[in-house]
Q: 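Below you will find the structure I want to go over with you.
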Amino acid sequence: MMTQTLTELLDSRVRAALNAAGCDGAPAVVQPSGRPEYGDYQANGVMGAAKARKMNPRQLATDVVAKLDLVGIASKVEIAGPGFINITLDDAFLAQQLQAAASDERLGVPLATAQRVVVDYSSPNLAKEMHVGHLRSTIIGDALARVLRFLGHEVIAQNHVGDWGTQFGMLTAYLIEAEQGGEATVALADLEDFYRRAKTRFDEDEAFATRAREYVVKLQGGDAEVNTLWKKFLDVSLHHCEAVYAKLGVGLTREDVRGESAYNDDLAVVVADLRAKGLAVDDNDAVVVYVDGFVNREGEPLGYIVQKKDGGFLYATTDLAAVRYRVSELNVSRVLYVVDARQSGHFQQMFAVSRKAGYAPEGVQLEHVGFGVMLGEDNKPFKTRSGGTVKLADLLSEAVERAFALVSEKNPDLPEAARREIADAVGVGAVKYADLSKNRNSDYVFSWDTMLAFEGNTAPYLMYAYTRAAGVGRKAESWDAAATIVLAEPAEHQLAIALARFADALQSVARDTMPHFLCGYLYELATQYMRFYEACPVLKSEGEVRASRLRLCELTAHTLQTGLGLLGIKTLEHM
Ligand code: ARG
């Protein structure tokens, strides 16, 4: 089993050479070169090391190269520009790497030093149905959880659902009415509708509004009857979420649900603790924590409110209780919050307060994995034609229908059941991939035509690349599955480099919580595969060359399948 990725290996060798050349501890900065004429990898650390030590960079580069031990790894090492070191990997070495990957379940990806990680994702508000706003959190979180697990980390998914607050008084009050009218089941079939009707009652009927408020008090006071109703409502709402998760192929279960209400008993304790530590102070009857460095637009200190005037607790208080629980009870050393970028202020303050209060010691990584909004093709927030919010369930049904039409057009002769199966995978895969392939920090335009295209950086293109690569082996019928991989052609070399980079791609996704790195990697791999397939005959070649190329096809297929699987996207044997 491999213990280092390719970058780590090159990095350690270049660092050793830098040390030997008198630059102790200088970073090597090894990256894929991106262009064949610059070799396969480039070490860019020499310039920085030379600058810091007032050395001549070209001279230092020459010294480093003289000391650089890449015997059996590189076929060529060259100095370029002001001191770049261009490294071309040796074909025999690459072939050996691929050989090892091909005969390994994990494709040669080394296990990371295991961490226990909470991924807080999806986390919808249960008062309403999941809408497109929850799509990004759900699929980005799911992809990150899968990648972390694959690398050997222990992931604890936390679905921090919104299941508490005054809305639930209104909803339970309305649920009682609906039950008395014998229409609860029908009314709950559409939660958006249910919410709207409850809200109308609340706004228009004073007696109902009063009852709703009483229910909030009863709910908070632990009244058995109101609690039963509330739980019933939550159960229905979670069923709606689970239907969406099932469609999306997202693995969240009831076990992962730990909603806001789970922290109720802790909220007063947290506030008392913050007071005892001298962090929380009274401010205009509210309880507020001030942390250095946070100011409002006027430059005045910006407080973090943990208890309102009326004694009520807030979203913020709940998150403090949650981080305390995650660190002290779940014992995790990293917490990822996959939540809309607009909550960035909340998280920065929450993290700062958690550090000060000791809820999350410095050794625990707290990261807000933010994301931008999904826009319609008009560049405005994604809405239905009538301006309403788009339900996730409807969006996914539309994706599958559109994919079905497309598949039927391309393959009219396939039986309907087969076309349906393809459409399910392509439709859902396209929606997910369109989202995951963008840098999550930016807003992105949701476009059916772009995401369903069979060309470009899309799910259909990659799924199809898989089907093709896997198909070569099927067509070959019999061949030596343990054949030696031999790389001779430039296209083989480029494909091999792409294949050998898989572990590095996954590590960067895990480190920077950026799923689009994996998408970019898979797209590059598929592109190199297509070039290889054009340039190098596989089935028509003979003997060892044929066997070797078949292994390359197979390894490509397996890597694409594994990579897409880590994004939560299914592959098909026929498309
Ligand atoms: N329910 C919240 C919302 O829909 C997201 C919760 C995210 N997680 C957290 N720990 N705050 O905006």
Side-chain angles (χ1 to χ4, degrees), residues 117-142 144-145 155-168 171 191-192 195 230 233-234 237-238 240-242 244-245 248 250 252 256-264 266-267 270 289 304-306 313-330 332 334-355 357 359-360 364-374 381-382 389-393 440 443 513:
V117 186
V118 156
V119 184
D120 176 331
Y121 70 105
S122 194
S123 308
N125 183 346
L126 294 185
K128 295 187 178 184
E129 215 155 303
M130 283 180 82
H131 55 83
V132 299
H134 299 115
L135 179 67
R136 303 208 70 189
S137 175
T138 306
I139 62 193
I140 293 170
D142 187 58
L144 292 175
V155 172
I156 304 180
Q158 292 279 278
N159 197 351
H160 189 88
V161 296
D163 60 357
W164 197 248
T166 51
Q167 303 155 330
F168 289 93
L171 293 166
L191 282 188
E192 280 311 296
Y195 185 90
W230 168 68
F233 182 86
L234 295 183
S237 185
L238 278 168
H240 284 260
C241 296
E242 281 155 3
V244 173
Y245 297 153
L248 278 174
V250 162
L252 284 168
D256 305 320
V257 174
R258 193 173 163 89
E260 295 180 5
S261 66
Y263 302 100
N264 282 344
D266 248 12
L267 304 179
V270 165
V289 181
Y304 194 59
I305 306 177
V306 292
F313 299 105
L314 304 99
Y315 183 63
T317 331
T318 308
D319 258 330
L320 287 171
V323 76
R324 208 171 69 132
Y325 165 80
R326 291 166 183 181
V327 174
S328 64
E329 303 280 321
L330 299 178
V332 298
R334 189 179 186 193
V335 189
L336 305 180
Y337 294 86
V338 188
V339 188
D340 195 315
R342 287 169 291 190
Q343 293 192 29
S344 142
H346 158 74
F347 284 109
Q348 294 325 310
Q349 273 190 302
M350 198 272 276
F351 295 167
V353 174
S354 307
R355 299 283 186 216
Y359 299 159
V364 176
Q365 293 166 254
L366 301 176
E367 295 164 53
H368 174 208
V369 181
F371 49 81
V373 286
M374 208 164 115
F382 195 80
T389 47
V390 179
K391 280 194 222 167
L392 214 38
R440 59 173 168 75
D443 296 344
T513 61

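Every number for a ligand or one of its atoms is a count from 1 in the order of the listing. All heavy atoms count here, side chains included; hydrogens, waters and symmetry mates do not.
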Q: Would His134 and Asn125 count as having a side-chain donor-acceptor pair, cut-off 3.5 Å?
A: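 No, no side-chain donor-acceptor contact under 3.5 Å.
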Q: What protein heavy atom is closest to atom 12 (O) of ligand 1, reported as residue, atom name and distance in Å?
A: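 Nearest neighbour among protein heavy atoms for atom 12 (O) of ligand 1, to 0.1 Å: Gln343 NE2, 3.1 Å.
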Q: Looking only at distances, can you tell me whether any N or O atom of Asp319, backbone or side chain, sits closer than 3.5 Å to an N or O atom of ligand 1?
A: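 Yes.
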Q: Name the option, out of Val118, Thr318, Asp120, that contains the heavy atom nearest to atom 9 (C) of ligand 1.
A: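 Shortest heavy-atom distance from atom 9 (C) of ligand 1: Asp120.
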Q: Would you mind checking which non-hydrogen protein atom is closest to atom 1 (N) of ligand 1, with the distance to 0.1 Å?
A: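 Minimum-distance protein heavy atom for atom 1 (N) of ligand 1 reads Ser123 O, 2.9 Å.
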Q: Taking the basic N atoms (NZ, or NE/NH1/NH2) and the acidic carboxylate oxygens, is any pair closer than 4.0 Å for Glu367 and Arg334?
A: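 Salt bridge present between Glu367 and Arg334.
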Q: Polar-atom distance check: Asn125 versus ligand 1, any N or O pair below 3.5 Å?
A: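 Checking ligand 1 against Asn125, no N or O pair falls under 3.5 Å apart.
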Q: Taking only heavy atoms of Val339, which atoms of ligand 1 are found under 4.0 Å from at least one of them?
A: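 Checking each atom against Val339, I get 7 (C), 8 (N).
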Q: Check the side chains of Arg326 and Tyr359 for a donor-acceptor pair under 3.5 angstrom, ignoring hydrogens and angles.
A: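 Result is no, nothing qualifies.
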Q: Is a donor from one side chain sitting under 3.5 angstrom from an acceptor on the other, for Tyr325 and Gln158?
A: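 Short answer, no.
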Q: Taking the six-membered ring for Trp, are Tyr337 and Phe347 parallel (under 30°), tilted (30 to 60°) or perpendicular (over 60°)?
A: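 The arrangement is tilted - the two ring planes meet at 30° to 60°.
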Q: Given Phe347, Tyr337, Tyr315, identify the one with the heavy atom nearest to atom 6 (C) of ligand 1.
A: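 Among Phe347, Tyr337, Tyr315, the closest heavy atom to atom 6 (C) of ligand 1 comes from Tyr315.
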Q: So which heavy atom on Leu126 is nearest to which on Leu191, and how close?
A: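 Shortest heavy-atom separation between Leu126 and Leu191 comes out as O-CD1, 4.4 Å.
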